[in-house]
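In this chain, residues are counted from 1 in sequence order. These figures come from a predicted structure and were not determined experimentally.
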Amino acid sequence: MTKSSAKISRNKIKNKDAAGYGFISPAAMAMLALIVYPMFYGLYLSFFNTNLVNKWKFVGFKYYLQAITKSDFYSSVFLTFGFMILVVAGHFILGFILANCLNKKFIGRTFLRVIFMLPWLFPESVIALLFTWIMNPMYGILNSILKGLGLISSSISWLGSAKLAFPAVVFACIWKGYPLVMTMVLSGMQSISQDLYEAAEIDGANKWRQFLNITIPSLKPVLTTTLILDSVWWFKQYTLVYTMTNGGPGTATNLISLNIYGTAFNDLQFGKAAAWGIIVFIICYIISKVYRMVLKDE
């Protein structure tokens with residue numbers, strides 16, 4: 001290769017690199033503006049006692065130390081963990097059942113796939129208002145159905161009871177979020193070769209053994225990703241719970257996200273809220289690492 005041709009090749013590579021950087025620059029700038037900058041600004045705020053207007057008092061790690069010593073933070077985090085575990089478990093149980101059914105060939109399969117995807121397409125605020133109306137003690141359809149079946153004699157305040165509000169919110173969140181798991185598992189099932197099932201059937205393996213030894217191992221990368229995304233998403237859930245109960249009654253549904261919001265915009269303690277937000281970010285990161293370690297995702 002001559003020097004001139006080598007120089008031309010290097011120029012072409014540089015031009016391609018420049019074009020690549022040009023294509024990714026809008027997305028990179030958007031990520032810097034919407035993700036990176038808010039994260040670092042939140043970290044900066046966490047060291048101040050501030051209302052973001054005329055009060056800026058440096059307090060160092062005070063709010064971090066308060067978080068790990070105050071019982072209200074721990075109770076809110078433990079409540080959020082319980083909420084996340086129940087919701088994610090519901091998503092995977094319902095998602096697996098529906099994905100397995102929709103993976104079979106039958107008339108109207110495409111139509112049902114669209115129908116079962118609808119909850120994920122609606123905004124969370126719409127879902128929250130829908131279930132608020134359904135569970136309304138005065139005119140909600142849920143009480144009407146239960147009365148008609150003779151299961152209850154008087155109306156129940158589902159979202160006004162300290163014992164019932166939490167499971168009611170969990171149920172609504174399961175209904176809202178199961179399509180993500182269903183879609184991911186269904187796409188993973190469709191990528192599994194049928195030859196594996198045919199070979200296992202010839203060897204005498206029943207459906208349950210095929211599920212344990214073929215389906216689950218083949219879906220492992222999909223399940224790991226889905227589990228991390230679903231867990232982190234619902235650990236920081238805010239909109240649906242806030243719209244349905246506003247954290248009440250009392251502290252029955254006061255998740256850590258609602259606690260952070262109230263600390264910032266009701267108490268105007270933005271530094272404390274920022275510190276708690278950073279801790280939640282660390283918790284979500286630890287959740288993803290634990291999942292990867294346990295599931296040994298390569």
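Gly271 and Tyr63 get closest at one heavy-atom pair: C-CD1, 3.7 Å. When all heavy atoms of Ile214 and Leu196 are compared, the closest pair comes out as CD1-O, 3.4 Å. A pairwise comparison of heavy atoms in Ser218 and Pro221 identifies O-CD, 3.8 Å as the closest pair. The minimum heavy-atom distance between Leu240 and Cys173, with the atom names listed, is CD2-SG, 3.7 Å. When all heavy atoms of Gly95 and Val181 are compared, the closest pair comes out as CA-CG1, 4.3 Å. When all heavy atoms of Ile156 and Ile152 are compared, the pair lying nearest together is CD1-CG2, 3.8 Å.
In the hydrophobic clustering of this structure, Ile286 groups with Ile85; members are Ile, Leu, Val, Met, Phe, Trp, Tyr whose side-chain heavy atoms approach within less than 4.5 Å, directly or through other members. Cluster membership check: Phe122 shares its hydrophobic cluster with Leu130, using side-chain heavy-atom separations under 4.5 Å among Ile, Leu, Val, Met, Phe, Trp and Tyr. Taking hydrophobic clusters as Ile, Leu, Val, Met, Phe, Trp and Tyr residues chained together by side-chain heavy-atom distances below 4.5 Å, Met29 does not share a cluster with Val36. If you chain together hydrophobic residues whose side chains sit under 4.5 Å apart, Leu212 and Val294 fall into the same group. Val114 and Trp175 fall into different hydrophobic clusters, where Ile, Leu, Val, Met, Phe, Trp and Tyr are joined by side-chain heavy atoms under 4.5 Å apart, directly or via other members.
By the 4.5 Å heavy-atom criterion applied to side chains, Tyr197 and Thr215 are counted as neighbours. Side-chain contact between Gln190 and Asn103 is present, with heavy atoms from C-beta onward closer than 4.5 Å. Leu52 has its side chain within reach of Leu45: a pair of non-hydrogen atoms, C-beta onward, lies under 4.5 Å apart. Contact annotation: the side chain of Arg113 approaches that of Leu186 to within less than 4.5 Å [non-hydrogen atoms, C-beta and beyond]. Considering only heavy atoms from C-beta on, Thr224 comes within 4.5 Å of Ile228 through its side chain. Under the 4.5 Å side-chain criterion, counting only non-hydrogen atoms from C-beta, Ile174 is in contact with His91. In this structure, the side chains of Leu112 and Arg109 stay at 4.5 Å or more apart for every pair of heavy atoms. Between Phe131 and Leu159 the shortest side-chain heavy-atom distance does not fall below 4.5 Å.
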Checklist entry - Phe92 and Leu223: side chain to side chain contact (heavy atoms under 4.5 Å, CB included), yes or no, with the steps? => result CA-CA 9 Å; Phe92 271 80; Leu223 293 178; 3.9 Å; yes
Next on the checklist: Show, in sequence, the C-alpha distance, side-chain angles and deciding distance for Glu198 and Asp195, and conclude whether the side chain to side chain contact (heavy atoms under 4.5 Å, CB included) test is met.
Outcome noted: CA-CA 5 Å; Glu198 293 174 2; Asp195 295 340; 3.9 Å; yes
Item to check | Test side chain to side chain contact (heavy atoms under 4.5 Å, CB included) applied to Asn136 and Thr132, step by step | outcome: CA-CA 6 Å; Asn136 188 282; Thr132 301; 5.7 Å; no
Next on the checklist: Assess the residue pair Phe96 and Ile216 against the criterion (side chain to side chain contact (heavy atoms under 4.5 Å, CB included)); give the C-alpha distance rounded to whole Å, side-chain angles, the decisive distance to 0.1 Å, and a yes or no.
Outcome noted: CA-CA 11 Å; Phe96 253 105; Ile216 295 298; 4.1 Å; yes
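Remark: Leu219 CG to Ser187 OG distance equals 8.5 Å, nearest 0.5 Å. Between Tyr178 atom OH and Ile93 atom CD1 the span is 14.5 Å, to the nearest 0.5 Å. For the atom pair CD1 of Ile282 and NZ of Lys289, the computed distance is 14.5 Å after rounding to the nearest 0.5 Å. One distance of note links NZ of Lys176 with CD of Gln237; it measures 9.0 Å at 0.5 Å rounding. Between atom CD1 of residue Ile68 and atom CD1 of residue Ile279 there is a gap of 7.5 Å, rounded to the nearest 0.5 Å. With values rounded to the nearest 0.5 angstrom, Gln66 atom CD is found 8.0 Å from Gln269 atom CD.
The backbone N or O of Gly248 lies less than 3.5 Å from no partner atom in the side chain of Asn246, so there is not a single donor-acceptor pair. In this structure, Asn51 contributes its side chain and Val53 its backbone to a donor-acceptor pair below 3.5 Å. Side chain of Gln210 to backbone of Ala205: a donor-acceptor contact under 3.5 angstrom is found. The main-chain N or O of Arg209 is found under 3.5 Å from a side-chain atom of Asn213 such that the two form a donor-acceptor pair. A donor-acceptor contact shorter than 3.5 Å is absent between the side chain of Thr251 and the backbone of Gly247.
Tyr64 and Ser46 share a donor-acceptor pair across their side chains, judged by distance under 3.5 Å alone.
Annotation for Phe111: atom CZ does not count as buried by contact number, only 12 or fewer foreign heavy atoms lying within 6.0 Å. The number of heavy-atom neighbours closer than 6.0 Å to CD1 of Ile107, taken from other residues, nucleotides and ligands shown, is 12 or below. Residue Trp120 qualifies as enclosed at atom CH2: its count of foreign heavy atoms under 6.0 Å is above 12. Counted within 6.0 Å of CE on Met117, heavy atoms from surrounding residues, nucleotides or ligands total more than 12; the atom is thus considered enclosed.
Partners of Phe81 according to the side chain to side chain contact (heavy atoms under 4.5 Å, CB included) rule, which considers only residues two or more places apart in sequence or in another chain, are Val77, Met84, Phe235, Ile283, Ile287. The ring pair (Phe, Tyr, Trp, His ring centres under 6.0 Å) check on Trp56 picks up Phe48, with sequence neighbours excluded. The side chain to side chain contact (heavy atoms under 4.5 Å, CB included) search around Asn100 returns Lys104, Met189, not counting sequence neighbours. In this structure Phe106 satisfies the ring pair (Phe, Tyr, Trp, His ring centres under 6.0 Å) test with no other residue, sequence neighbours excluded.
In this pair, Phe211 and Trp208 present their aromatic rings parallel. The plane angle is below 30°, not in the 30 to 60° band. Note: Tyr261 and Tyr238 have tilted aromatic rings, judged against thresholds of 30 and 60 degrees for the angle between ring planes. Using a 30° and 60° split on the angle between ring planes, Phe61 and Phe47 fall in the perpendicular class, above 60°.
For the side chain to side chain contact (heavy atoms under 4.5 Å, CB included) with Ser76, the qualifying choice from Leu258, Ile256, Ile260 is Ile256, the only one to do so. For the side chain to side chain donor-acceptor pair (under 3.5 Å) with Lys147, the qualifying choice from Ser155, Ser153, Ser154 is Ser155, the only one to do so.
A cation-pi geometry, defined here as NZ or CZ lying under 6.0 Å from the six-membered ring centre and within 45° of its normal, does not hold between Lys236 and Trp234.
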Quick one: side chains of residues 161-172, donor-acceptor pairs under 3.5 Å with protein atoms, not counting sequence neighbours, listed by atom name and distance.
from: Ser161; atom 1: OG; to: Lys163; atom 2: N; distance (Å): 3.3
from: Ser161; atom 1: OG; to: Leu164; atom 2: N; distance (Å): 3.4

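When hydrophobic side chains of Ile, Leu, Val, Met, Phe, Trp and Tyr are connected at separations under 4.5 Å, Tyr285 ends up as a singleton with no cluster partners.
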